[in-house]
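To start, the structure under review is shown below, and the notes come after it.
When a ligand or atom number is given, it counts from 1 through the structure's own listing order.
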Amino acid sequence: ASPPPLTHPSFPSSSNDAAPILTSSVDLSTSSLELSIQTRIFKIIVIGDSNVGKTCLTFRFTGGSFPDKTEATIGVDFREKAVEIEGETIKVQVWDTAGQERFRKSMVEHYYRNVHAVVFVYDVTKMASFRNLQTWIEECNGHRVSASVPRVLVGNKCDLMDHIQVPSNMALKFADAHNMLLFETSAKDPRESQNVDSIFMSLACRLKAQKSLLYRDVEREDGRVRLTQATETKSNCPC
Ligand SMILES: Nc1nc2c(ncn2[C@@H]2O[C@H](COP(=O)(O)OP(=O)(O)OP(=O)(O)O)[C@@H](O)[C@H]2O)c(=O)[nH]1
Ligand SMILES: [Mg+2]
């Protein structure tokens with residue numbers, strides 16, 4: 001009898017180089033094993049001070065609009081969006097984290113576990129939110145997030161042009177020093193929506209290129225099937 005199909009295989013939680021989460025199925029009904037990979041899921045966390053607009057940015061990307069009203073995020077809100085890159089459908093799972101310490105402290109370990117990419121957000125109209133980035137980066141590093149996990153920097157609320165406190169050149173310098181791309185944008189301004197999308201799409205592209213899943217082996221143990229997976233580096237992504 002065929003073993004039941006494998007769904008959502010779990011991967012080691014201690015890994016620094018988190019494997020993409022997969023939804024997959026195994027069909028042993030033919031002599032040659034057919035493996036169909038349906039969807040890869042990339043976990044992207046959004047980190048930064050409270051009120052910088054993390055919820056609005058993630059909502060803009062996944063829902064295509066600016067929310068009328070938001071409340072401080074408690075713990076985490078998950079939002080998912082399926083995107084197509086070079087013919088492959090990928091699920092981007094965005095973890096909209098809480099900026100307030102009291103709403104995040106019990107969740108921090110979960111934020112960073114098996115994360116595939118990190119988005120650091122500051123508010124261009126609040127210098128303190130930019131200064132605090134150093135603390136957010138230290139928290140991230142303190143949770144053993146590998147240097148190979150892509151990170152980007154986002155300056156939000158660019159629509160408030162008369163109130164800008166963080167000059168672009170200062171933000172660029174910081175981004176360069178930390179090997180991050182900088183996006184200055186607005187979750188509110190609909191003309192910026194493509195720019196918001198490109199934050200997440202550029203990461204998804206990089207992750208797709210980085211983590212091409214290679215099934216090396218299929219082993220039978222006591223009638224059970226185990227998939228052995230590995231990653232290989234490819235550089236054919238246009239992003
Ligand atoms: N003008 C302007 N306001 C924004 C923008 N993005 C968010 N806001 C406003 O900023 C406030 C905070 O936005 P949130 O997205 O809830 O902030 P957050 O970073 O998720 O905050 P926490 O959940 O507490 O960590 C809200 O009043 C939003 O309407 C933007 O691009 N432009
Ligand atoms: Mg929020």
Side-chain angles (χ1 to χ4, degrees), residues 42-81 92-113 115-143 145 151-168 170-172 174-175 178 180-203:
F42 291 133
K43 170 181 172 180
I44 300 180
I45 57 171
V46 184
I47 297 280
D49 276 12
S50 180
N51 221 44
V52 294
K54 299 181 296 297
T55 296
C56 292
L57 283 166
T58 60
F59 201 85
R60 169 66 79 189
F61 171 63
T62 55
S65 61
F66 184 72
D68 294 335
K69 196 168 156 279
T70 57
E71 279 168 15
T73 303
I74 297 172
V76 66
D77 286 328
F78 303 102
R79 300 196 174 84
E80 264 188 14
K81 183 169 174 173
V92 178
Q93 184 183 76
V94 185
W95 288 46
D96 168 23
T97 71
Q100 287 191 44
E101 175 62 18
R102 64 192 167 129
F103 292 146
R104 70 195 310 279
K105 58 181 177 217
S106 61
M107 289 293 296
V108 179
E109 295 296 326
H110 300 280
Y111 294 162
Y112 292 104
R113 188 172 301 152
V115 70
H116 296 115
V118 185
V119 177
F120 292 100
V121 186
Y122 66 96
D123 175 346
V124 295
T125 72
K126 281 222 172 58
M127 183 55 90
S129 72
F130 180 75
R131 298 262 180 244
N132 285 339
L133 287 168
Q134 194 59 48
T135 311
W136 295 117
I137 290 170
E138 278 161 22
E139 178 188 91
C140 180
N141 293 340
H143 285 80
V145 175
R151 303 167 184 207
V152 295
L153 185 60
V154 177
N156 188 37
K157 307 197 187 181
C158 283
D159 56 291
L160 300 173
M161 283 177 282
D162 296 337
H163 299 89
I164 291 181
Q165 288 186 359
V166 184
S168 295
M170 184 186 276
L172 255 180
F174 185 86
H178 291 86
M180 293 192 266
L181 277 181
L182 170 69
F183 295 82
E184 289 183 309
T185 193
S186 162
K188 187 172 186 176
D189 185 347
R191 290 168 304 181
E192 287 285 315
S193 69
Q194 262 194 338
N195 202 11
V196 173
D197 286 356
S198 65
I199 297 166
F200 298 96
M201 289 303 288
S202 68
L203 285 171

Give a yes or no on whether Glu80 atom CD has more than 12 heavy-atom contacts from other residues, nucleotides or ligands under 6.0 Å away.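 More than 12 within 6.0 Å, yes.
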How about His178: does its NE2 atom have over 12 heavy atoms from other parts shown lying under 6.0 Å from it? yes
Closest protein heavy atom to [atom], given as residue, atom name and distance to 0.1 Å:
{"atom": "atom 31 (O) of ligand 1", "value": "Ala187 N, 2.9 Å"}
{"atom": "atom 17 (O) of ligand 1", "value": "Gly53 N, 3.2 Å"}
{"atom": "atom 29 (O) of ligand 1", "value": "Phe66 CZ, 3.4 Å"}
{"atom": "atom 6 (N) of ligand 1", "value": "Asn156 ND2, 3.1 Å"}
{"atom": "atom 1 (N) of ligand 1", "value": "Asp159 OD2, 2.9 Å"}
{"atom": "atom 28 (C) of ligand 1", "value": "Cys56 SG, 3.8 Å"}
{"atom": "atom 12 (C) of ligand 1", "value": "Asn51 OD1, 3.1 Å"}

Option passing side-chain contact (heavy atoms from CB on, under 4.5 Å) with Val46 (candidates Val94, Val52, Thr55, Val154):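 Single side-chain contact (heavy atoms from CB on, under 4.5 Å) partner of Val46 among Val94, Val52, Thr55, Val154: Val94.
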Of Ile47, Val118, Ile45, Val115, which meets side-chain contact (heavy atoms from CB on, under 4.5 Å) against Cys140? Val118
Which atom names give the shortest non-hydrogen contact between [X] and [Y], and what distance separates them?
{"X": "Leu182", "Y": "Ala175", "value": "CB-CB, 4.0 Å"}
{"X": "Asn156", "Y": "Ser186", "value": "OD1-CA, 3.4 Å"}
{"X": "Met170", "Y": "Arg131", "value": "CE-NH2, 4.4 Å"}
{"X": "Lys157", "Y": "Val124", "value": "O-CG2, 3.5 Å"}
{"X": "Leu133", "Y": "Tyr122", "value": "CD1-CD2, 3.8 Å"}
{"X": "Glu192", "Y": "Thr185", "value": "OE1-OG1, 2.9 Å"}

Does Gly48, backbone or side chain, put an N or O under 3.5 Å from an N or O of ligand 1? no
Under 3.5 Å between some N or O of ligand 1 and some N or O of Ser50? yes
As an exercise, identify every atom of ligand 1 less than 4.0 angstrom from a heavy atom of [X].
{"X": "Ser186", "result": "31 (O)"}
{"X": "Gly99", "result": "22 (P), 25 (O)"}
{"X": "Lys54", "result": "15 (O), 17 (O), 18 (P), 19 (O), 20 (O), 21 (O), 22 (P), 25 (O)"}
{"X": "Leu160", "result": "1 (N)"}
{"X": "Thr70", "result": "13 (O), 14 (P), 16 (O), 26 (C)"}
{"X": "Ala72", "result": "23 (O), 24 (O)"}
{"X": "Thr73", "result": "22 (P), 23 (O), 24 (O)"}

Output yes when a side-chain donor or acceptor of Gln100 lies under 3.5 Å from a complementary backbone atom of Ser50, and no otherwise. no
Within the distance-only criterion (no hydrogens, no angle test), does the side chain of Tyr111 pair as donor or acceptor with the backbone N or O of Gly75 below 3.5 angstrom?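 Side chain of Tyr111 to backbone of Gly75, a donor-acceptor pair under 3.5 Å: yes, one is there.
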N/O/S atom of Thr73 inside 2.8 Å of the Mg ion (ligand 2), strictly under: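 Thr73 does place an N, O or S atom closer than 2.8 Å to the Mg ion (ligand 2).
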Flag Thr55 as yes if one of its N/O/S atoms falls below 2.8 Å of the Mg ion (ligand 2), otherwise no. yes
Between Lys157, Arg60, Lys188, flag the one that comes closest to atom 8 (N) of ligand 1 by a heavy atom.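 Selected option, by shortest heavy-atom distance: Lys157.
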Using heavy atoms and a 4.0 Å limit, tell me yes or no: is Phe59 in contact with ligand 1?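 No, Phe59 has no heavy atom closer than 4.0 Å to ligand 1.
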Does Asp49 come within less than 4.0 angstrom of ligand 1, counting non-hydrogen atoms of the residue? yes
Evaluate the criterion side-chain contact (heavy atoms from CB on, under 4.5 Å) for residue pair Val92 and Phe61; output intermediate values, then yes/no. CA-CA 10 Å; Val92 178; Phe61 171 63; 4.0 Å; yes
